[in-house]
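For reference, the structure is listed below as C-alpha cells.
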Number of protein chains: 2
Amino acid sequence: MNVMNDSPRRKELTRQAAQLFVQEGFDRTTVRMLAQEMGIKSGSLFHHFRDKQEILAAVIEEGTQNALAIARETLQQCDSTPEARLHAMARAHLETLLTDRNAHVVALYEWRRLDTEARDHLSHLRDAYEALWEQVIDEALAAGLIHGDRFLVSRFVMGALNWTVRWYDPSGPRSPEDLARELVAMISSPAA
Amino acid sequence: MNVMNDSPRRKELTRQAAQLFVQEGFDRTTVRMLAQEMGIKSGSLFHHFRDKQEILAAVIEEGTQNALAIARETLQQCDSTPEARLHAMARAHLETLLTDRNAHVVALYEWRRLDTEARDHLSHLRDAYEALWEQVIDEALAAGLIHGDRFLVSRFVMGALNWTVRWYDPSGPRSPEDLARELVAMISSPAA
DNA sequence: GGGTCAACCAAGCAAGCGCTAGTGTAAACG
DNA sequence: CGTTTACACTAGCGCTTGCTTGGTTGACCC
C-alpha cells in the first residue's frame, strides 16, 4: 500500500528485479522468485509495488531515465562537429547498454508486457531519447557527413546499436569506443 | 503420441500458433488459447505436438527454413556484382520478414524460451543463414564496396534489418525494395 | 511512553496452468 | 469384413500463479 514513491530501498529492489527479468524473462519470473532474490517474502513485495507489472515499469523507467540523462550530458560536453556528436551519441548509447545492461535488455525485450498506462508514460521518455538521435542525425545529414532518408537512417542506426545486446561481449577485445568508431565510419560518406 | 511428422495439418496449426505467439508472447499463450484458435480442444493439441515447447520450435523452424531457402534462391538468381548481391540479400531478408512476419517475430523474441535440444538444432539453421550473409559481406569488402571489420559490419547490418520488425509498416509508402536500396546506399563507400 | 509508520511475515485463496488418461469415430487399409 | 490409424473429445489431476489479509516488529517523534 506504499506504492509509487522512489525510496532507495525501492531502487535497490528494482535493480535486483531487472537482473531476474533478464535471466528468466518477465513472465517466467514469479513474485516468489523476485522476493527470494530480494531477501524478503513474496507478500512483502506488494508493500513496495502495487503489482508485478509496476516492477517491470520501474525497471524500464530507471534504465530509460539514465540513458536520457547520459545522452544529454554527452552532447553538451563533446565537440560540436557533426561527426564528433554522432560518434559521442553512439558511444554513450553503447556504454549505457553496457553499464545498465539489465534494465535495457528488459526494456528491449519486455516492452510489450507493459500495460497501456505504463506504456504511455514510458513511450514519452523513449521519444525524448530518440528525438536527440534524430537531431544529431539531421545535423550529420545537413553537413553532408551521411546521406539518405532521415527516418530510415535513424531507424537503421538504432537497430544496429540496439542489436548489440544480442552479441556484444564486454569482456572481449572490442570496447564501446571501438564499436562506435566503426559504426560511424560505416555510415559516413568519405566522399563528402 | 503422433509427434514429429510434418503433415499439412500440423503446418497449418503451426501457422496459427505463430500468430498467437506474436500477439501474446509464448509464455502468456496458454494451450487452451492455442486450441481455441485452432478450432479444437486443448487435449487434442497433444496429438500433434509432444508439448508446448515443441510448438514453439516448429514455428521457429518453419520461419528459418523459409528464410534460408529464399536467400539461397535469391543469390542464385541475382547479378553477380557485390552490390547486386548485397542488395538482393537485404531485399530477400526484408521480404521474408514481411511475408513470414509472425514466425520471424517469434524467432527474434522467443528464442530464449527454447529448450537446449531445440536450440541446438535450430542454431545450426540460423548459422547457415548468417553464413550466407557473411559471404556476401566478404565479397563487398573485397571489392571495396564497403569498409571495416567484417564481423562488426555484418552484425550491424543484421541489427538494422532485424530491427525493422519493430517499426516497419507494410501498408506504408515504403517497400522492402526501398529499404534495401537505402540500407545498401548507407553503408556503401561512394569513393570506392 | 503512547502513537505513528515503513517494512516485513505467515497463511492461504481463487484462478489458471500444462498435460494425461481413457474413449469415440470415421476414413483407409489388407 | 475386421483392423488399424488419425484426429478429436471429456474430464480432471497436481501444481503454480499473482495477490490479499491480518498481524508483528522496531525505529523514530513529540
Side-chain angles (χ1 to χ4, degrees), chain A residues 1-60 106 110 112-119, chain B residues 1-60 106 110 112-119:
Chain A
M1 296 84 176
N2 188 25
V3 290
M4 278 307 193
N5 63 357
D6 29 62
S7 60
R9 181 78 177 125
R10 184 173 146 129
K11 257 205 169 128
E12 171 61 14
L13 297 181
T14 301
R15 218 186 43 80
Q16 289 175 309
Q19 162 86 19
L20 260 182
F21 286 162
V22 169
Q23 265 176 44
E24 306 288 329
F26 177 70
D27 290 321
R28 288 181 113 89
T29 305
T30 69
V31 293
R32 286 164 180 78
M33 292 163 65
L34 286 165
Q36 190 174 20
E37 183 83 5
M38 296 167 178
I40 58 180
K41 300 295 175 182
S42 71
S44 313
L45 215 158
F46 296 91
H47 173 73
H48 300 278
F49 303 93
R50 182 164 21 217
D51 53 26
K52 195 186 162 191
Q53 287 241 23
E54 199 184 87
I55 310 181
L56 177 62
V59 167
I60 296 183
V106 171
E110 314 284 359
R112 288 146 21 104
R113 303 287 163 266
L114 291 168
D115 56 41
T116 326
E117 193 186 351
R119 194 152 47 206
Chain B
M1 296 83 177
N2 188 26
V3 290
M4 277 307 192
N5 64 358
D6 29 64
S7 61
R9 179 79 176 124
R10 185 174 144 127
K11 256 202 169 134
E12 170 62 14
L13 297 181
T14 301
R15 218 186 44 79
Q16 289 175 307
Q19 162 87 17
L20 259 183
F21 286 162
V22 169
Q23 266 177 45
E24 308 287 329
F26 177 70
D27 290 320
R28 288 182 114 90
T29 305
T30 70
V31 293
R32 287 164 179 81
M33 293 164 64
L34 287 165
Q36 190 173 21
E37 184 82 6
M38 296 166 177
I40 58 180
K41 300 294 175 181
S42 71
S44 312
L45 214 157
F46 296 92
H47 173 72
H48 300 278
F49 303 93
R50 182 166 22 221
D51 53 26
K52 194 186 162 191
Q53 287 241 22
E54 199 183 85
I55 311 181
L56 176 62
V59 167
I60 295 183
V106 171
E110 314 284 359
R112 289 147 20 105
R113 303 287 163 265
L114 292 168
D115 56 42
T116 326
E117 193 186 351
R119 193 153 46 204

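Quick note on labels: first sequence line is chain A, next is B, and so on, each numbered from 1.
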Legend entry - Length of the line joining A:Phe49:CZ and C:dA6:C1', which is rounded to integer Å: 15 Å

Legend entry - Under-4.0 Å side-chain N/O to phosphate OP1/OP2 contact, A:Arg9 with C:dC8: yes

Legend entry - A:Leu13 or B:Val31, whichever maps to the more 5' nucleotide of DNA chain C: A:Leu13

Legend entry - Spacing between B:Lys52 atom NZ and C:dG16 atom P, to the nearest angstrom: 15 Å

Provide a list of protein-nucleic acid N or O atom pairs under 3.5 angstrom, restricted to nucleotides 9-13 of chain C.
residue	atom	partner	partner atom	Å
C:dC9	OP2	A:Lys41	N	2.5
C:dC9	OP2	A:Ser44	OG	3.0

Inset, instruction - Measure the distance from CD on A:Glu24 to C1' on D:dT17 and round it to the nearest whole Å. - result: 15 Å

Inset, instruction - To the nearest Å, give me how far apart CG (B:Leu45) and P (C:dC19) are. - result: 10 Å

Inset, instruction - Specify the separation, in whole Å, of atom CD1 of B:Ile55 and atom C1' of C:dC19. - result: 12 Å

Legend entry - Flag, side chain of B:Gln53 to backbone of B:Asp115, donor-acceptor distance under 3.5 Å: yes

Legend entry - Gap between atoms CG and C1', on B:Leu34 and C:dC17 respectively (whole Å): 13 Å

Inset, instruction - Rounded to the nearest 0.5 Å, what's the gap from CZ on B:Phe49 to NE2 on B:His47? Could you check? - result: 10.5 Å

Legend entry - Side chain proximity check, A:Met33 to A:Arg28, heavy atoms < 4.5 angstrom: no

Inset, instruction - Could you give me the CA-CA distance, side-chain angles and deciding distance for A:Glu54 and A:Arg10, then say whether salt bridge (Lys or Arg N to Asp or Glu O under 4.0 Å) is met? - result: CA-CA 11 Å; A:Glu54 199 184 87; A:Arg10 184 173 146 129; 3.0 Å; yes

Legend entry - Heavy-atom side-chain proximity of A:Ile55 to A:Phe21 below 4.5 angstrom: yes

Inset, instruction - Tell me, please, whether B:Phe46 has B:Lys52 positioned over its six-membered ring: NZ or CZ under 6.0 Å from the ring centre and within 45 degrees of its axis? - result: no

Inset, instruction - Would you tell me if any nitrogen or oxygen in the side chain of A:His48 comes within less than 4.0 Å of OP1 or OP2 on C:dC8? - result: yes

Legend entry - Nearest-Å distance for atom pair CZ/P, residues A:Phe46 and D:dG23: 21 Å

Under-3.5 Å N/O pairs linking protein and nucleotides 24-26 of chain C:
none

Inset, instruction - Would you check, one step at a time, whether the test salt bridge (Lys or Arg N to Asp or Glu O under 4.0 Å) holds for B:Arg9 with B:Glu12? - result: CA-CA 5 Å; B:Arg9 179 79 176 124; B:Glu12 170 62 14; over 6 Å; no

Legend entry - Phosphate-side-chain proximity, A:His47 and C:dA7, N/O vs OP1/OP2 below 4.0 Å: yes

Legend entry - Note, B:Gln19 side chain near B:Gln23 side chain (heavy atom, < 4.5 Å): yes

Legend entry - Residue-phosphate contact under 4.0 Å: B:Arg50 side-chain N/O, C:dC19 OP1/OP2: no

Legend entry - Distance in Å, B:Leu45 CG paired with B:Asp51 CG, rounded so as to fall on 0.5 Å steps: 10.5 Å

Inset, instruction - Starting from P on D:dT17, measure out to CG on B:Asp27 and report it in whole angstrom. - result: 12 Å

